[in-house]
Undergrad: 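I have a structure here, written as structure tokens, and I will follow up with some questions on it.
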Amino acid sequence: MRLTILGGGGFRVPLVYRALLDDPARSVSEVTLYDTDARRVAVIAEVLARLAQGRPDPVTVRVAQDLDKALTGADFIFSAIRVGGTAGRVRDERIPLSEGVLGQETVGAGGVLYGLRTIPVALRIAERIAALAPQAWVINFTNPAGMVTEAMSQVLGDRVIGICDSPVGLVRRAARAAGADPDRVAYDYIGLNHLGWLRSLTLDGAELLPRLLADEAALGSFEEGRLFGADWLRTLGALPNEYLHYYYFRRETLRSVQEAAETRGEFLDHQQGGFFERAAAAGGPEAAYELWERTRLEREETYMAESREASGGWQRDSHDLEGGGYDRVALALMHALADDRGTRLILNVRNGSTVPQLAPDAIVETVCEVTSQGARPLPCAPLREDQLGLMLQVKAVERAAVEAATFKDRNAALRALALHPLVDSPTVAAHILERAAGEG
């Protein structure tokens, strides 16, 4: 099979390629990289060349100079673009912070701004895919993943599936804390991208979650337990996705971000800019790979640092520094679609009747059964009122942002910003929108 990676100069592309090299099924025979930044994709191609060294019959890599050529003949298309680059992320974070509200890549006003900039490009890509590779499966990791997947599904229907590494990471960490094999547990997870809850965790039919929530030491042994605290987790009766920390501890997280020397976007802008500059100058696969590996580890160590600081300050566990995990989710999804395995994965797909209060075409993040026919969301237990209320409000924001980006509708953009739970004023929302328009 042929895989095309859009955003082929992305920093985490080597993780995907390494997963393909380690795949015993060798299901992907060729990877095509496409990126609008020639220097970045050239550096990443060097890192991939180093990863391929010493491997028998490694997966072929080619770089496409044209989007249409990259898409033609693809069986799978992995979309991981960043419209506006890291400089755009810096603006998405700093503009809301200047108005006293949270600025974050996918959450709050920052997520809305990123969506408004990204969705028009994602829609153009979806249209080219529909024209040139209509049978290809599109795996979307472009953030904000829920919004972007929902926009692309208007063109591609169920052939676009969104992925995220946060839910599977939560399941695996919770299983280990409960003393269970992460590969053997079953689970109930429902929400939106970067806003969801693990509400059941079972092993051979036995429910593990109540015992885990009652065990102070076990909760303190993994990231979400330390992030939210045992008392709040027991109050919720569920394990929230890590990004819900921005909602449940809004004041603490906002204060931590405001007091930090730089935003996450500024850190990545400096870090990645420096990496690509040094790697391009160093020349050769070996030097590029060594620089990439050092930079990757630093990136993982500092992930969600402001939330960890707001919850008392603590370091990430070593097993969480191996690299996001979205590469493994993407590979598992490709296998399931290609081999008709009936695999269960947490994915971003059309709601159907999973959450009756949401529109059937709204993208939700939940447990799906994946076969060669696609990803089908499984029935789940009814949502509690607090969970449903938050989902409904944030989904209204996402759909307004998609409408604004699709039809260039300022009123919809203002509605998306003003109705977000982390933006508490239409006046502030209007200021953010005007600043963002003025700064491009």
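Predicted model, so just to flag it, every value in this text is computed and none were measured.
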Undergrad: Go through the structure and list residues passing side chain to side chain contact (heavy atoms under 4.5 Å, CB included) with Thr60, not counting sequence neighbours.
TA: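 Checked Thr60 against side chain to side chain contact (heavy atoms under 4.5 Å, CB included); matches are Glu30.
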Undergrad: Thinking salt bridges, do Asp92 and Arg117 make one under a 4.0 Å N-O criterion?
TA: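 Arg117 and Asp92: salt-bridged.
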Undergrad: Suppose we screen for side chain to side chain contact (heavy atoms under 4.5 Å, CB included). Which residues come up paired with Pro382, at least two apart in sequence or across chains?
TA: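 Result, side chain to side chain contact (heavy atoms under 4.5 Å, CB included) vs Pro382: none returned.
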Undergrad: Kindly write out the residues that satisfy side chain to side chain contact (heavy atoms under 4.5 Å, CB included) with Glu286, not counting sequence neighbours, or none if the list is empty.
TA: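 By the side chain to side chain contact (heavy atoms under 4.5 Å, CB included) rule, Glu286 matches Arg50, Gln53, Glu290.
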Undergrad: Once you measure the plane-to-plane angle for Tyr247 and His420, does it fall in the parallel (<30°), tilted (30-60°) or perpendicular (>60°) bin?
TA: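 Aromatic pair Tyr247/His420 classed parallel.
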Undergrad: Taking only distance into account, with no hydrogens and no angle test, what donor-acceptor pairs under 3.5 Å do side-chain atoms of residues 73-85 form with protein atoms, sequence neighbours excluded?
TA:
{"residue": "Asp75", "atom": "OD2", "partner": "Arg2", "partner atom": "N", "Å": "2.8"}
{"residue": "Ser79", "atom": "OG", "partner": "Thr142", "partner atom": "OG1", "Å": "3.2"}
{"residue": "Arg82", "atom": "NH1", "partner": "Glu105", "partner atom": "OE2", "Å": "3.0"}
{"residue": "Arg82", "atom": "NH2", "partner": "Glu105", "partner atom": "OE2", "Å": "2.4"}

Undergrad: Checking Tyr114 now: which residues fulfil ring pair (Phe, Tyr, Trp, His ring centres under 6.0 Å) with it, not counting sequence neighbours?
TA: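 Applying ring pair (Phe, Tyr, Trp, His ring centres under 6.0 Å) to Tyr114 gives none.
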Undergrad: Run the salt bridge (charged side-chain N to carboxylate O under 4.0 Å, His left out) test against Asp23 and tell me which residues pass, sequence neighbours left out.
TA: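 Partners of Asp23 under the salt bridge (charged side-chain N to carboxylate O under 4.0 Å, His left out) test: none.
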Undergrad: Quick one: do Arg94 and Glu266 make a salt bridge, cutoff under 4.0 Å?
TA: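 Result for this pair is yes, salt bridge flagged.
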Undergrad: Considering residues at least two apart in sequence or located in another chain, which fulfil the side chain to side chain donor-acceptor pair (under 3.5 Å) criterion with Trp197?
TA: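 Testing Trp197 for side chain to side chain donor-acceptor pair (under 3.5 Å), a comparison that skips the adjacent residues, returns Tyr248.
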Undergrad: With sequence neighbours left out, write down each residue that passes side chain to side chain contact (heavy atoms under 4.5 Å, CB included) with Ala287, or none if nothing qualifies.
TA: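 By the side chain to side chain contact (heavy atoms under 4.5 Å, CB included) rule, Ala287 matches Ala282.
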Undergrad: By the ring-ring contact (aromatic ring centres under 6.0 Å, His included) test, which pairs, at least two apart or in different chains, include something from residues 15-52?
TA: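 Found none.
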Undergrad: Show which side-chain atoms of residues 119-135 pair as donor or acceptor with protein atoms under 3.5 Å away, not counting sequence neighbours.
TA:
{"residue": "Arg128", "atom": "NE", "partner": "Asp68", "partner atom": "OD1", "Å": "3.1"}
{"residue": "Arg128", "atom": "NH2", "partner": "Asp68", "partner atom": "OD2", "Å": "3.0"}

Undergrad: Would you please classify the geometry between the Phe276 ring and the Phe11 ring as parallel, tilted or perpendicular, with 30° and 60° separating the classes?
TA: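 Geometry flag for Phe276 against Phe11: perpendicular rings.
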Undergrad: Run the side-chain donor-acceptor check on residues 397-408: report pairs under 3.5 Å with partners two or more places apart or on a different chain.
TA:
{"residue": "Glu398", "atom": "OE1", "partner": "Lys395", "partner atom": "NZ", "Å": "2.7"}
{"residue": "Arg399", "atom": "NH1", "partner": "Glu150", "partner atom": "OE2", "Å": "2.7"}
{"residue": "Arg399", "atom": "NH1", "partner": "Asp361", "partner atom": "OD1", "Å": "3.4"}
{"residue": "Arg399", "atom": "NH2", "partner": "Asp361", "partner atom": "OD1", "Å": "3.2"}
{"residue": "Glu403", "atom": "OE1", "partner": "Arg415", "partner atom": "NH2", "Å": "3.0"}
{"residue": "Thr406", "atom": "OG1", "partner": "Val402", "partner atom": "O", "Å": "2.6"}
{"residue": "Lys408", "atom": "NZ", "partner": "Ala405", "partner atom": "O", "Å": "3.4"}

Undergrad: Applying side chain to side chain contact (heavy atoms under 4.5 Å, CB included) to Arg344 and Val370, what does each step give before you reach the verdict?
TA: CA-CA 6 Å; Arg344 293 195 173 188; Val370 188; over 6 Å; no
Undergrad: With sequence neighbours excluded, what pairs up with Tyr189 under the ring pair (Phe, Tyr, Trp, His ring centres under 6.0 Å) test?
TA: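 Ring pair (Phe, Tyr, Trp, His ring centres under 6.0 Å) list for Tyr189, sorted by chain: empty.
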